[in-house]
Amino acid sequence: MDGGAMRHTIFKTRWGYFGLVCQGQAVCRTSLPAASQTAARQSLLTGANLGPADVPFEKDLLAALQRRIVAYFEGENVDFSTDPAVCLPNLSVFGQAILAACRQIAFGRTQTYAQLAASAGRSQAARAVGNVMARNPVPLIVPCHRIIRADGGLGGFSGIGGTAMKQRMLLHERVSDRTVCLQD
DNA sequence: CAGCACTAATTCA
DNA sequence: TGAATTAGTGCTG
């Protein structure tokens with residue numbers, strides 16, 4: 001059930017060094033912009049039980065996708081909802097359903113944990129959705145930062161930068177839609 | 001089994 | 001009003 005050797009790359013964006021692991025054409029993991037390549041690599045491979053030896057570096061890996069990610073951090077409205085194929089091993093059916101639903105959320109839009117739970121047929125499973133988001137292997141591709149609390153709060157964020165990164169990304173997408181009075 | 005990136009309801013100032 | 005607490009909740013390691 002694999003489509004080739006796994007490789008990784010790290011490239012510079014306006015916000016920092018973005019990390020990417022893929023297998024064939026399918027993206028397995030991503031890591032949000034970090035201050036250094038070293039930090040990016042650590043964040044990218046940690047938790048995946050992978051060492052740099054397991055996933056050779058390849059500068060121009062998925063070059064087209066790299067350009068789109070760079071563009072995102074330049075402020076462009078980039079849609080990742082369908083394009084990069086993703087490979088999500090070791091994920092429960094529930095987890096996959098939640099991530100799939102989350103991926104549909106458009107640039108600049110948000111949903112609550114409960115709404116996302118409902119879209120997977122588990123309207124009471126908001127907290128479980130939080131579990132899935134916390135372990136999202138492909139942040140940005142699956143826009144887990146667009147999930148906020150029902151009471152208007154930000155909720156948490158486990159990726160690089162924590163909730164500050166989450167808020168920054170939301171502001172970046174100009175979430176003025178409604179809800180989310182980030183701060184007051 | 002214990003622990004969560006949650007929520008709605010309840011309980012105080 | 002509104003902050004703080006309490007159950008209730010479904011999934012994960």
Side-chain angles (χ1 to χ4, degrees), chain A residues 1 6 13 15-16 18-21 23 26-35 39-40 42-51 54-55 69 72-73 78 80-81 84 86-184:
Chain A
M1 50 158 71
M6 293 178 48
T13 73
W15 289 21
F18 194 98
L20 185 59
V21 172
Q23 181 175 217
V27 177
C28 298
R29 291 182 65 86
T30 58
S31 66
L32 265 16
Q42 174 166 339
S43 167
L44 185 64
L45 303 182
T46 288
N49 271 341
L50 292 174
D54 304 317
V55 284
I69 292 173
Y72 173 88
F73 290 105
V78 183
F80 299 103
S81 68
V86 293
C87 171
L88 308 175
N90 310 335
L91 221 59
S92 68
V93 174
F94 176 78
Q96 300 202 37
I98 293 301
L99 291 185
C102 180
R103 227 186 145 180
Q104 315 285 28
I105 304 173
F107 185 98
R109 309 300 295 276
T110 63
Q111 255 185 348
T112 69
Y113 293 89
Q115 285 173 341
L116 194 51
S119 71
R122 300 278 186 289
S123 56
Q124 308 287 89
R127 199 160 187 177
V129 167
N131 283 333
V132 174
M133 295 296 107
R135 306 185 172 292
N136 174 21
V138 287
L140 184 60
I141 304 303
V142 168
C144 60
H145 59 278
R146 309 211 255 241
I147 308 302
I148 60 177
R149 292 179 52 106
D151 61 15
L154 260 191
F157 200 70
S158 312
I160 291 176
T163 56
M165 173 69 82
K166 183 173 184 174
Q167 177 166 349
R168 185 179 176 193
M169 290 176 79
L170 288 175
L171 290 173
H172 182 65
E173 299 182 11
R174 291 157 209 238
V175 178
S176 57
D177 191 26
R178 66 163 163 192
T179 60
V180 205
C181 308
L182 310 164
Q183 291 318 70
D184 46 5

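So that the names make sense, note that chain A is the first sequence line, chain B the second, and so on, each numbered from 1. The model shown is predicted, which means the values in this text are computed figures rather than measured ones.
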Quiz item: Base, sugar-phosphate, or nothing for T112(A), non-hydrogen atoms under 4.0 angstrom?
Solution: sugar-phosphate

Quiz item: Under a 4.5 Å cut-off applied to non-hydrogen side-chain atoms, are D54(A) and M6(A) in contact?
Solution: no

Quiz item: Which range-with-range stems can be found for DNA chain C when each stem has 3 or more Watson-Crick or G-U pairs in a row and both distances sit under 3.5 Å?
Solution: B:1-4 with C:10-13, B:6-13 with C:1-8

Self-check item: Atom pair distance, as rounded to whole Å: CD in Q115(A) and C1' in dT7(B)
Solution: 13 Å

Self-check item: Integer-rounded Å distance: dA5(B) P and I160(A) CD1
Solution: 17 Å

Self-check item: Gap between atom CZ of F80(A) and atom OG1 of T30(A) - 0.5 Å precision
Solution: 9.5 Å

Quiz item: For A117(A), which residues count as a side chain to side chain contact (heavy atoms under 4.5 Å, CB included) partner, sequence neighbours excluded?
Solution: A125(A), V129(A)

Practice problem: Strictly below 4.0 Å, heavy-atom distances to any atom of DNA chain C: list the hits from residues 125-138 of chain A, or just say none. | Solution: A125(A), R127(A), A128(A), N131(A), R135(A)

Exercise. To the nearest 0.5 Å, tell me how far M169(A) CE sits from W15(A) CH2.
Key: 6.0 Å

Exercise. Identify, between Q124(A) and N90(A), the residue whose nearest nucleotide on DNA chain C lies closer to the 5' end.
Key: Q124(A)

Practice problem: Indicate, with a heavy-atom threshold strictly under 4.0 Å, whether F94(A) touches base, sugar-phosphate, or nothing. | Solution: sugar-phosphate

Quiz item: Measuring from L116(A):CG to T110(A):OG1, what's the distance to the nearest 0.5 Å?
Solution: 11.5 Å

Practice problem: Quick one, give me the B/S/- string for nucleotides 8-13 of chain B, reading 5' to 3', where B means a protein heavy atom under 4.0 Å from the base and S means that only happens at the primed atoms, P, OP1 or OP2. | Solution: S-----

Quiz item: What distance, rounded to whole Å, do you find between the two P atoms, one in dA7(C) and one in dA5(B)?
Solution: 22 Å

Quiz item: How long is the span from the OH atom in Y72(A) to the OG1 atom in T13(A), to the nearest 0.5 Å?
Solution: 10.5 Å

Self-check item: Any pair counted as side-chain hydrogen bond (donor to acceptor under 3.5 Å, both in side chains), so long as it reaches residues 95-106 of chain A, sequence neighbours left out
Solution: none

Quiz item: What's the spacing between K166(A) NZ and S158(A) OG if we round to 0.5 Å?
Solution: 9.0 Å

Exercise. Whole angstrom is fine here: how far is it from CD1 in I98(A) over to C1' in dC4(B)?
Key: 15 Å

Practice problem: For dG8(C) and dC4(B), measure between their C1' atoms and round to the nearest Å. | Solution: 14 Å

Exercise. Drop me the distance from I147(A)'s CD1 to Q115(A)'s CD, to the nearest 0.5 angstrom.
Key: 8.5 Å

List the atom pairs, with distances to 0.1 Å, where a side-chain N or O of residues 132-145 of chain A and a protein N or O form a donor-acceptor pair under 3.5 Å, not counting sequence neighbours.
from    : atom 1 : to      : atom 2 : distance (Å)
N136(A) : OD1    : V138(A) : N      : 3.0
N136(A) : ND2    : V142(A) : O      : 3.1
H145(A) : NE2    : E173(A) : OE2    : 2.8

Exercise. For R122(A), answer base if it contacts any base atom (sugar-phosphate contacts may also be present), sugar-phosphate if it contacts only those atoms, and nothing otherwise; contact means non-hydrogen atoms under 4.0 Å.
Key: sugar-phosphate

Practice problem: Take the angle between the ring planes of F18(A) and F73(A) and call it parallel below 30°, perpendicular above 60°, tilted in between. | Solution: tilted

